[in-house]
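Per chain, numbering begins at 1; letters A, B, ... match sequence-line order. Being a predicted model, the structure only gives us computed values, none of them experimental.
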Amino acid sequence: MTSSETQAAAERQDFIREIVREDLKAGRCREVVTRFPPEPNGYLHVGHAKSICLNFGIARQFGGRCNLRMDDTNPTKEDVEYVESITGDVKWLIAGWADHCLGLKPAGRTAERGERDGARDSHLGAVLPAEAGDARLEPFYASDYFEPLYEFALELIRRGRAYVCDHTPGEVDEMRGAPERPGRESLYRDRPVEENLDLFRRMRDGEFPDGTRTLRAKIDMSSPNVWLRDPVLYRIRHASHHHTGDRWCIYPMYDFAHGLSDYVEGISHSICTLEFEVHRPLYDWILQALDLPRPLPRQYEFARLNLTHTVMSKRRLLRLVQEGRVGGWDDPRMPTLAGMRRRGFPAAAIRDFCERIGVAKRENLVELALLEHCVREHLNRRAPRRMAVLRPLRMVIENFPEDRVERFEAVNNPEDPAAGTRPIPFSRVLWIEKDDFREVPPPRYHRLSPGVEARLRYAWLIRCTGVVNDPATGEVVEVRATCDPETGSGPTPDGRKVKATIHWVSAAHALDAEVRLYDTLFAVEKPDEVAEGRDFTDALNPRSLEVLKGCKVEPALADAEPGVPVQFERLGYFCPDAADSRPGAPVFNRTVTLKDAWARIEKRQGAAGTARDA
RNA sequence: UGGGGCGUGGCCAAGCGGUAAGGCACGAGACUUUGGAUCUCGCACUCGGAGGUUCGAAUCCUCCCGCCCCAGCCA
């Protein structure tokens with residue numbers, strides 16, 4: 001955890017935390033229990049990170065806990081692959097920050113049924129890592145509550161608040177009415193309790209095919225809030241479930257399962273996104289209709305995160321994966337936690353980002369630049385510096401003997417003296433970056449060109465004496481230069497200054513590497529807003545991935561650890577790809593570029609040129 | 001046109017009746033063996049609009065305008 005995180009946690013203030021603080025002060029709840037309840041039907045993305053940071057952040061700040069729960073009430077869309085990735089991603093994101101607040105439960109345990117103050121109750125408390133001992137823990141599952149949920153449904157029927165409805169899906173749809181027009185009551189609405197009980201039991205026993213009957217809440221078909229027009233509570237689905245197997249053929253709907261799951265786990269604050277705001281009356285109705293003995297959870301809503309140059313809906317991310325637009329859920333261009341991790345984004349940087357974007361109720365579109373800023377800020381302080389040449393151009397130091405090797409001490413991290421130094425070999429033939437040489441330098445370009453003197457990072461000043469061109473294409477294939485060995489570290493003896501410092505790698509000592517450069521997945525800020533008749537995939541950035549082979553990196557990079565970021569000086573932050581990098585054949589992912597003043601100048605000049613031409 | 005929300009600088013976002021925080025982005029400069037980092041300065045006479053209440057309004061009231069969400073046996 002960073003010190004800014006400690007500090008910010010104390011000051012952090014948003015409308016939800018304000019409510020929590022008030023609830024605590026007024027004694028409306030004794031402990032703060034939140035939950036993060038994803039449906040295991042896809043991978044987690046930055047939008048989820050916002051929710052995770054909010055829920056765990058609150059638990060952390062107020063000494064409570066946050067349960068990880070699979071909201072798995074729809075067997076047809078969910079899969080264990082997703083519960084595993086979700087669990088891993090959550091643990092990765094909160095590691096070293098809020099893992100002590102992570103509420104899990106002993107593997108295999110389901111809710112305890114019982115009585116409390118004479119009322120039917122069901123409860124399943126969390127186990128925190130500190131109290132786990134040897135017990136194997138796992139996330140909570142809404143599907144673990146299918147039995148108590150079924151009991152709650154029976155109770156609703158007994159109370160005359162729910163009934164079995166035989167209308168077809170089409171009829172139900174048609175009878176629901178429209179937002180400005182009331183619906184019509186089901187023909188089965190006044191079925192006697194006993195008949196409802198019998199039918200519902202037989203639904204569970206598998207006597208009826210899918211879609212033939214539902215259990216519905218008896219509320220108000222003329223409510224202006226359509227979610228109160230006798231919403232479906234249970235549907236029949238003869239499908240096996242990733243967690244409960246074939247034990248059930250009726251499955252509860254979100255609205256019925258969610259609030260009651262919150263209740264079972266003793267959640268105090270149930271935080272979700274804005275689109276559930278209209279469901280809140282139903283959330284409350286269900287809990288209140290049961291006269292439950294313990295305090296009821298309360299639902300609060302905040303605006304979900306939108307990020308420029310990407311899409312966030314699971315449906316669209318799934319399409320990118322299924323259509324092969326990306327390499328998978330963990331493709332480094334994806335806004336998924338798995339993708340960002342593979343790309344090299346530190347969890348702490350993502351948390352910092354989530355903190356900076358704030359929590360409010362207004363719709364928002366956060367610039368990707370903020371996320372990148374957080375990543376750079378984090379990495380600048382800790383990533384070791386290394387030299388790497390991405391697009392090698394041969395340079396010969398004419399006055400440096402063929403057989404000689406010099407070693408310079410290079411600082412590992414100027415931001416962290418404790419990181420020490422390392423030796424880097426220097427010899428007659430070097431690789432420099434193609435970008436660092438121009439035969440004809442444009443205005444404001446102050447790197448190398450014929451006749452110009454520049455600093456070789458950590459080494460001597462050199463002066464370009466000429467070039468060797470490809471006779472066929474005219475392309476520069478070699479740069480000739482002489483070095484001035486009087487110009488060691490520190491200022492030059494004669495006080496002469498040079499405009500540029502360029503990086504280099506000794507050709508005789510360099511390692512070959514593959515480097516993957518990433519740009520935004522989408523070419524436009526709002527891929528969700530494409531023109532009529534076009535698809536969001538039309539906005540995909542054709543240059544989102546550039547693979548460079550034959551890059552030259554300094555010897556110290558031989559033992560770079562997968563997933564651990566380094567800075568390639570003057571270029572950006574990179575980390576060995578966790579999936580494809582091999583000891584003798586490293587593959588680096590570019591996490592993010594360094595801020596680049598020259599690139600900005602070039603871009604501006606380019607833009608000016610276009611404007612003139614137009 | 002029913003209901004539920006939301007409108008503060010390019011993007012986020014504080015502000016809770018006392019005279020517009022902060023961050024990102026952007027611009028200028030200093031420093032610099034990363035055109036990196038760091039540092040300094042600049043960047044809303046104004047809070048969707050119009051009225052009203054008040055000594056005083058982004059904050060309270062009224063009306064208007066705009067945007068988002070809701071009619072899955074998805075979550």
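For Arg235(A), taking side-chain heavy atoms from C-beta onward, the closest of the listed nucleotides C74(B), C24(B), G5(B) is C74(B). Side-chain proximity of Val226(A) to the nucleotides C68(B), C70(B), G4(B) is greatest for C70(B). Listed candidates were G35(B), C24(B), C6(B). Nearest to the side chain of Arg570(A) is G35(B). Nearest to the side chain of Trp227(A), among A75(B), C24(B), G5(B), sits A75(B). Comparing atom distances between the Pro179(A) side chain and each of A75(B), C11(B), A71(B) picks out A71(B) as nearest. Residue Gln13(A) has its side chain nearest to G15(B) when only C24(B), G36(B), G15(B) are considered.
Of the P atoms belonging to G22(B) and A30(B), the separation is 25 Å, rounded to the nearest Å. Taking atom P on both U46(B) and U1(B), the two are 32 Å apart, rounded to the nearest angstrom. Nucleotides C16(B) and G72(B) are separated by 40 Å at their C1' atoms, to the nearest Å. When the P atom is compared between A21(B) and G42(B), the two are found 13 Å apart, to the nearest whole Å. Remark: the separation of the C1' atoms in G10(B) and A44(B) is 12 Å, to the nearest Å. Here the separation of C69(B) from U62(B), taken at their P atoms, is 27 Å to the nearest Å.
Nucleotide G51(B) is matched to C61(B) when pairs are restricted to Watson-Crick or G-U wobble geometry with both distances under 3.5 angstrom. Across all strands shown, A21(B) forms no Watson-Crick or G-U wobble pair with both distances under 3.5 Å. Base pairing of C45(B) is not made with any nucleotide, judged by Watson-Crick or G-U wobble geometry with both donor-acceptor distances under 3.5 Å. For C67(B), the paired nucleotide is G5(B), the pair qualifying as Watson-Crick or G-U wobble because both relevant distances are below 3.5 Å. Under the Watson-Crick or G-U wobble criterion, with both distances below 3.5 Å, U40(B) is paired with A28(B).
Under the 4.0 Å criterion applied to side-chain N and carboxylate O atoms, Asp173(A) and Arg176(A) are assigned as salt-bridge partners. With respect to Asp166(A) and Arg213(A), a salt bridge is recorded, a charged nitrogen being found less than 4.0 Å from a carboxylate O.
Between Trp504(A) and Phe408(A), the angle of the ring planes goes over 60°, which puts this pair in the perpendicular group of the 30/60° scheme. A perpendicular orientation is assigned to the rings of His241(A) and His243(A), their planes being inclined by more than 60° (bins at 30° and 60°).
Taking a 4.0 Å limit (strictly below) on heavy-atom distances, residues 165-174 of chain A reaches RNA chain B at His167(A), Thr168(A), Pro169(A), Asp173(A).
Shown here, G72(B) is classed syn by the O4'-C1'-N9-C4 or O4'-C1'-N1-C2 angle, which is within 90° of 0.
Atom P of nucleotide G35(B) and atom CG of Asp436(A) are separated by 8 Å, given to the nearest angstrom. What separates CZ of Arg600(A) from P of C24(B) is a distance of 13 Å, to the nearest Å. When rounded to the nearest whole Å, the span between CG of Asp210(A) and P of G72(B) equals 19 Å.
With hydrogens and angles ignored, no donor-acceptor pair under 3.5 angstrom links the side chain of Arg386(A) to the base of U34(B). Residue Glu367(A) places a side-chain atom within donor-acceptor reach of the base of G10(B), judged by atom type and a 3.5 Å distance cut-off alone.
Among Arg444(A), Arg447(A), Arg438(A), the one residue that satisfies the salt bridge (Lys or Arg N to Asp or Glu O under 4.0 Å) test with Glu602(A) is Arg438(A).
With no hydrogens or angles considered, a side-chain donor-acceptor pair links Gln299(A) and Glu301(A) at under 3.5 Å.
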